[in-house]
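Reviewing the structure listed below.
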Amino acid sequence: MGGPYTAAGLLWFLVFVYAVAGSVDFGATFWRMFYLRKGQHEAAGVAERYVSPLWEATNVFLVLIGVVLVGFFPGATFAMGTLLLWPGAAALILLAIRGAALGFAYAGGGLADVLPYVSGATAILLPALLVSMLTVSQGGFTSAGGAGLVLDFGLLLHSAREYAYVGFALAAVLFLSATFLADYAKTARSHSAYRVYRVNALWLGPVMMLAGVAAIFLGPSDSWLLPRLRAEWPWFLGSLLAFCAALPVWWWPGRNSAGPVAPGRPRLAVLLAALQFSLADIGYGLAHAPYILFPQVTTVAAFSNQAMFRDLLWVTVLGLAILVPGFVWLWRLFITDPRYTRG
Amino acid sequence: MGGDAGVRTLFGMTLAFHIVYATLGVGLPLFIALAEILALRRADPLYRLMARRWAAVFAVFLATGVVTGTIVAFQLQLLWPAFMRLAGQVIALPFAIEVFAFFIEAVFTAVYLHAADRIAPVLRIASALLVAVAAAASALLITDVNAFMNTPTGFRVQAGRLVDIHPFQAMLNPAMPSELAHVLVTAYLAVALVMAAFAARALLRGGDPVEVAYHRRELDLAMALAVPAWVLTAVTGDWAGKFLDKAEPIKFAAQEGLFRTSAPATLVIGGYADAATASVRGGIPIPHLLSILATSSWSGSVKGLLAFPRASWPPVAAVHLLFDAMVGVGVLAGLAVVGYWWVRWRARAGYGLPPQLLGGLVAMGPVAMVGIETGWIFAELGRQPWTIEGVLTTAQAATTYPHAGLLLLPFALLYGLLGAGSVLAVTVHRRRHPLSESLREGGVAGARGGGREG
Ligand code: HDD
Ligand code: HEM
Ligand code: HEM
């Protein structure tokens, strides 16, 4: 192990947290728009009650990833900064519009009619952009132009792999958020919303799995990544098992079931989905670990110095530890407190 | 200006926009927390109402501050990759600690805004205070990076490589104490004056006695906060200036438009500091004052720009005028603070505030923000041609990506949208929830005598 890989592990853990929390956040913003349009206000309301207080805390994770990347892997920042200027700028603009639309909605008033559409539409574009950074980091889309690294957009836009990844990201965002919101709706005893999100979670799960498999195998067959992914097969098998185990859970009669029509234990489904994603995340992370950006930036070469590594590690771990009580309080105030979730 | 002009303009525009909301984000929660405390201590529902009404405004400005701050954080990496490569190795700690301050701010903002009615009043006040503390901490930590750029420490450059790296030493750089102190108190001063401007405008419009009483309290609270903030602004500004004289003599000489090293040195207020002729055209000279300010002695010696190579001068004329504009704002703020409390004291019982005074206070709101903007642009421009003083020039720091300047337009449009949107959201909120209605809902109307009490 040693410095670079410990740092990469911590960074990858943060990416995982943001991937899950951000998925629920973006997905919920989208579902709110979707069900407002269809006039299903109960389903929209459940999504809104989740997003309104919590989007800012989720957003901070994104910033944390950027900061930790800079501190642990200054060399990677340099390459990523040059390479991702345009997609990065596009993502920032969308992120800003979505956040502002969510924040302005607090003031209410006539704006409240349009703002959900603004935030919902931008929320569904963002995962596509963010996942593209993953595709790019696998290599194959860069050319070393006169000004250093340059992203070859033409190549990226004609790549089936890129579209498979985008498809996977969208399905994953919608699947995770639907699973989570089903549980949230159940806590809120919102039966109709629970039924809606339960069905969504059920059909989106398989779609996501198909897109994920496609994303892996659509790469060039001589890719550096594929054999490394194959070598990590136990993690992916575990992930698949967790996914399969989550399916019957939706038919279990729950203890305080949300009515006779819709059975299921959504809390268990959420936990299994988290397990599924964490296992896949570890497998993928281990396979990708030697390179931050293939082939130009290796994890070892981009690494910061030992002094910064040590101090930053302490700061990050300490900071996360201090935050845990805060998150627990948020969780109890906004996720499990029926006085809030029931609206 | 080289090929980095577009990058500099883009980043400057982003920061200039962010800083408005960031400053409001630092000051408003303190104001809200004070109102909450007063509501509890004086059992006065008007203060609770005040906290609630400003919380809605805070929510809007905070969102704008958060999203523009996120842009700043990533633009730093996209536009200044060479700067960030160095910063990552030496000064990453304040960035990281700052993120945890953001977390704390986000957590307690969520609690304060969305759960206030479900928690005990003490916890509510604690939440508001924690938001204020975390906001101040995040501002101080990011400013610390800027202080590092002014006086870099905690590393050495050896054959193009960074060695001897001490992250905590970099964090505790020499410019830190004075710069952080000045940034924090000026943020409080600016926000106090902005709040006072809102209250003064409402008083000019009039209303029923309870509404007047409400806005009087608002104005008193804002102007009470402005008193220590103003005194400390002058004290810390003087401190920062004396520090500059020692640590950044070029910036100091440029800020004063001083070309020739002199003892005693004359302070020139205003005027065009012409680098070509090495002289200041126009302006008001005050003999000895610069020596006193810089060295605390009647005829101390102050270094002029000509003592340094031409290539290391910042744009002198702009730096000098920006500095004077900032200090000018400080002088106006002093007039406003002293004028207000003088009138207030003169007419303790049954006081009426003259409309001229209220009008002046309304104008002071935007002027205070001008002080923040000119202060920052002066500090940044005054460091040119360096991004990290003596280590990395701005031209070296900028991205090598061609056409980065093309991003100016989309971001300018974005900021236009965000700026207009935030103002619109606040306006719509205020129109939807006029004070009279909130008073009725809160059961406050008629409970109090109205305008005659302080
Ligand atoms: C309401 C805003 C405001 C007001 C009234 C003043 N300042 Fe200021 N000043 C700032 C807002 C500001 C700032 C925005 O906070 C700056 C920009 C960068 C920084 O560190 O703080 C700053 C920087 C700054 C610096 C440069 C620090 C550096 O570059 O590291 C000096 C020397 C002063 N100020 C001095 C003064 C003096 C002598 C003032 C007279 C009362 C004064 N300021 C009023
Ligand atoms: C290069 C400079 C800066 C960077 C990189 C930066 C970064 C950020 C980021 C990433 C956020 C959003 C955090 C979140 O997601 O919650 C933010 C918000 C904020 N920033 Fe900045 N910022 C900069 C300059 C400043 C300055 C100079 C100040 C104050 C003097 C400041 C004060 C704040 C505050 C208080 C917030 C919290 C949001 C608010 O209250 O409005 N920032 N900043
Ligand atoms: C929030 C208040 C700030 C404002 C309004 C501001 C404004 C500016 C402006 C106008 C420039 C362009 C200077 C020029 O082109 O000559 C600039 C440059 C820059 N600033 Fe600041 N700045 C602020 C705070 C900060 C902070 C806190 C940091 C550090 C994290 C920072 C980092 C930089 C960098 C890296 C550059 C580019 C290099 C340079 O021109 O010096 N700024 N800023």
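Side chains are part of it too, since the values below use all heavy atoms of this structure and drop only hydrogens, waters and symmetry mates.
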Discussion item. Take a 6.0 Å sphere around CZ of B/Phe198 and say whether it holds more than 12 heavy atoms from other residues, nucleotides or ligands.
Written reply: no
Discussion item. Looking at every non-hydrogen atom in both residues, tell me the closest pair between B/Gln89 and A/Met308 and how far apart they are.
Written reply: O-CE, 3.4 Å
Discussion item. Please classify the contact of A/Leu318 with chain B as side chain, backbone, both or neither, using a heavy-atom distance under 4.5 Å.
Written reply: neither
Worksheet item: Considering only heavy atoms from C-beta outward, does the side chain of A/Leu62 approach that of B/Phe74 to under 4.5 Å?
Response: yes
Worksheet item: What part of A/Phe72 gets closer than 4.5 Å to chain B, counting heavy atoms only: side chain, backbone, both or neither?
Response: neither
Response to the item:
From the list A/Thr58, A/Leu92, A/Leu102, the residue making the most non-hydrogen contacts under 4.5 Å with chain B is A/Leu92
Item to complete: Give, as side chain, backbone, both or neither, the part of B/Leu123 having an atom under 4.5 angstrom from any heavy atom of chain A.
Response: side chain
Discussion item. With chain A as the partner, which of B/Pro410, B/Ala87, B/Ser422, B/Ala170 has the greatest number of non-hydrogen pairs under 4.5 Å?
Written reply: B/Ser422
Worksheet item: Do A/Glu56 and B/Val107 come within less than 4.5 Å of each other through their side chains, counting heavy atoms only?
Response: no
Worksheet item: What part of B/Val90 gets closer than 4.5 Å to chain A, counting heavy atoms only: side chain, backbone, both or neither?
Response: backbone
Response to the item:
Okay, A/Leu330 and chain B: the region with an atom under 4.5 Å from a heavy atom over there is side chain
Item to complete: Please state whether the side chain, the backbone, both or neither of A/Val315 comes within less than 4.5 Å of a heavy atom of chain B.
Response: both
Discussion item. Looking at chain B, which one of A/Asp311, A/Val70, A/Val67 has the largest number of heavy-atom pairs inside 4.5 Å, strictly under?
Written reply: A/Asp311
Practice prompt. In sequence, state the C-alpha distance, the side-chain angles, and the governing distance for A/Trp329 and B/Ile119, and then conclude on side-chain contact (heavy atoms from CB on, under 4.5 Å).
Written response: CA-CA 12 Å; A/Trp329 203 27; B/Ile119 53 177; 4.3 Å; yes
Item to complete: Flag the one option from B/Leu113, B/Ile97, B/Leu417 with the top tally of heavy-atom pairs under 4.5 Å to chain A.
Response: B/Leu113
Discussion item. Any heavy-atom pair between the side chains of B/Val67 and A/Leu95 that's under 4.5 Å?
Written reply: no
Discussion item. Quick check for you: among B/Ile91, B/Val111, B/Thr109, B/Ile104, which has the greatest number of heavy-atom pairs under 4.5 Å with chain A?
Written reply: B/Val111
Worksheet item: Between B/Pro167 and A/Leu312, is any pair of side-chain heavy atoms under 4.5 Å apart?
Response: no
Worksheet entry | Toward chain B, the part of A/Leu320 with a non-hydrogen atom under 4.5 Å | both
Fill in: Interface moiety of A/Leu64 toward chain B, non-hydrogen atoms closer than 4.5 Å
both
Item to complete: Can you establish whether the number of heavy atoms outside A/Phe16 located under 6.0 Å from its atom CZ is more than 12?
Response: yes
Worksheet item: Do A/Ile322 and B/Phe100 have side-chain heavy atoms sitting under 4.5 Å apart?
Response: no
Worksheet item: Tell me, do B/Thr64 and A/Phe104 make a side-chain contact under 4.5 Å, heavy atoms counted?
Response: yes
Worksheet item: Is there side-chain contact between A/Val60 and B/Thr70, with at least one heavy-atom pair below 4.5 Å?
Response: no
Worksheet item: Between A/Gly99, A/Ala100, A/Gly71, A/Ala90, which residue shows the highest count of heavy-atom pairs closer than 4.5 Å to chain B?
Response: A/Gly71
Item to complete: Please name the pair of heavy atoms, one in A/Ala57 and one in B/Phe103, separated by the smallest distance, quoted to 0.1 Å.
Response: O-CE2, 3.5 Å
Item to complete: Could you tell me which non-hydrogen atom of B/Leu414 sits nearest to which non-hydrogen atom of A/Ala96, and how far apart they are?
Response: CD2-CB, 3.9 Å
Worksheet entry | chain A contact via B/Leu418 - side chain, backbone, both or neither, heavy atoms under 4.5 Å | both
Fill in: Considering all heavy atoms, the nearest A/Trp55-B/Ala63 contact
CZ2-CB, 4.0 Å
Discussion item. For B/Ala101, which atoms come within 4.5 Å of any heavy atom of chain A: side chain, backbone, both, or neither?
Written reply: neither
Fill in: Any B/Leu406 side-chain heavy atom under 4.5 Å of A/Trp86 side chain
yes
